[in-house]
Amino acid sequence: MSSSPTDAGGALAGAGLALASMCCVQFGASLSMPLAQGVGVFRATALRLAFAALILLLWRRPPLLSALRREPALALLGFAMAGMLLGFFAALRTLPQGLTVAVNLLGPLLLAWREDGRRWRWPLLALIGILALSRHGERWVADAAGLAWAALSAACWAAYIVLLRRAGQTGGGIDGVVLALPVAALAAAPWAWLDGGAWPQATALLRLAGLSLLMPALPYLLELEALRRMPAFSFGVLMSLEPAIAVLAGACLLGQTPTPLQLAGMLLATAACLGALRDG
């Protein structure tokens, strides 16, 4: 049975929202890395989550405690958010942005494969593209600590997708994300003391507050709306575009020029996304 025009339009809108979210994440990460290195990666991430939670709570003003008691999954969503961001930015200390995102993508890819194993060819094609994006010149750029942090972020990303979709289906909607963010900020707060040195001055705090809108506040809201419009499988494989966007953000903002092999990987990842969306 073919899809109705309404279903097709909703899936297309979901794909656009997911793409906008990925651009916010990757360009936001590139913009924030110089500041995070000066302030401390864990401290900057914890403060970013705190600012995002405060901004969205002031905007929506949901009943925080009663909602968390009614839907415990929102607390788990907050922990997944914190682990995803802490692992991602910790990995960026030693891994290139494209490779970090490639490892992160393994979480959604495994989730997509579990959702529908019959569509194995598209995750496999995306994985080949990811491997190409992970190659720099004549060597692999990786270290054990960075890979471990990226793997943690990947696991949290997969959990985040499942829990975020549940928040949308149980009626939490945008308020579900707003309610989960304070939990994420509290979960990340102890990590802020792992970074030594003085705390950031007012100018740096204002920059972190602005960057918290670009990442994580806006991407969370965009991804929630995307997951309400498209299947989890298509959303998971669509995330294979993230390494390509990461390479583009690095080239535009950090002067990281992609190699021909990385460009080939971007094309393979794009082909996998288009194939998965066509099947979906």
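Rounding to the nearest 0.5 angstrom, the gap separating the CD atom in Glu223 from the SG atom in Cys24 is 9.5 Å. The distance from atom CE of Met215 to atom CZ of Phe89, rounded to the nearest 0.5 Å, is 4.0 Å. Rounding to the nearest 0.5 angstrom, the gap separating the CG atom in Leu12 from the CE atom in Met230 is 9.5 Å. Of the inter-residue distances, the one linking Phe88 atom CZ with Asn104 atom CG reads 6.0 Å to the nearest 0.5 angstrom.
Within the 4.5 Å cutoff, side-chain heavy atoms of Leu211 are placed close to those of Leu31. Side-chain contact between Thr259 and Gln262 is present, with heavy atoms from C-beta onward closer than 4.5 Å. No side-chain heavy atom of Leu74 sits less than 4.5 Å from a side-chain heavy atom of Val183. Side-chain contact between Ile245 and Leu19: present, with at least one pair of heavy atoms (C-beta onward) separated by less than 4.5 Å.
Residue Phe79 places its CZ atom among 12 or fewer non-hydrogen atoms of other residues, nucleotides or ligands, all under 6.0 Å distant. Arg93 CZ: more than 12 foreign heavy atoms inside a 6.0 Å radius.
Under a hydrophobic-cluster definition in which Ile, Leu, Val, Met, Phe, Trp and Tyr are linked whenever side-chain heavy atoms come within less than 4.5 Å, directly or via other members, Leu194 and Leu86 are assigned to the same cluster. Note on Val101 and Leu248: same hydrophobic cluster, where clusters join Ile, Leu, Val, Met, Phe, Trp and Tyr whose side-chain heavy atoms are under 4.5 Å apart, directly or indirectly. By the criterion of side-chain heavy atoms lying less than 4.5 angstrom apart, applied directly or through intervening Ile, Leu, Val, Met, Phe, Trp or Tyr residues, Met84 is not grouped with Leu186; the two fall into different hydrophobic clusters. Hydrophobic clustering (ILVMFWY, side-chain heavy atoms < 4.5 Å, transitive): Val39 and Leu206 are in distinct clusters. A chain of hydrophobic side-chain contacts below 4.5 Å, direct or via other Ile, Leu, Val, Met, Phe, Trp or Tyr residues, connects Leu47 to Leu57.
With hydrogens and angles disregarded, no donor-acceptor distance shorter than 3.5 Å links the side chain of Ser153 to the backbone of Ala150. A side-chain donor-acceptor contact under 3.5 Å links Gln97 to the backbone of Gln26.
In plain terms, the two heavy atoms of Tyr160 and Pro219 that are nearest each other are OH-O, 4.5 Å. Of all heavy-atom pairs spanning Ser212 and Ile55, the tightest one is OG-CD1, 3.9 Å. Of all the heavy atoms in Leu95 and Leu147, the pair that sits closest is CD1-N, 3.8 Å. Pro258 and Ala251 make their closest contact through CD-CB, 4.1 Å (heavy atoms, listed as atom of the first residue, atom of the second, distance). For the pair Leu208 and Arg48, the tightest heavy-atom approach, listed with the atom from each and the gap, is O-CG, 4.4 Å. Here the shortest heavy-atom pairing between Ala217 and Ala52 reads CB-CB, 4.0 Å.
Only one option out of Leu99, Leu92, Thr94 pairs with Pro96 in a side chain to side chain contact (heavy atoms under 4.5 Å, CB included); it is Leu99.
Side-chain heavy-atom separations under 4.5 angstrom define the hydrophobic clusters, and the remaining members of the one that includes Leu222 are Leu17, Leu218.
Ring geometry for Trp191 against Trp149 counts as perpendicular: the plane angle is over 60°, on a 0 to 90° scale with 30° as the lower cut.
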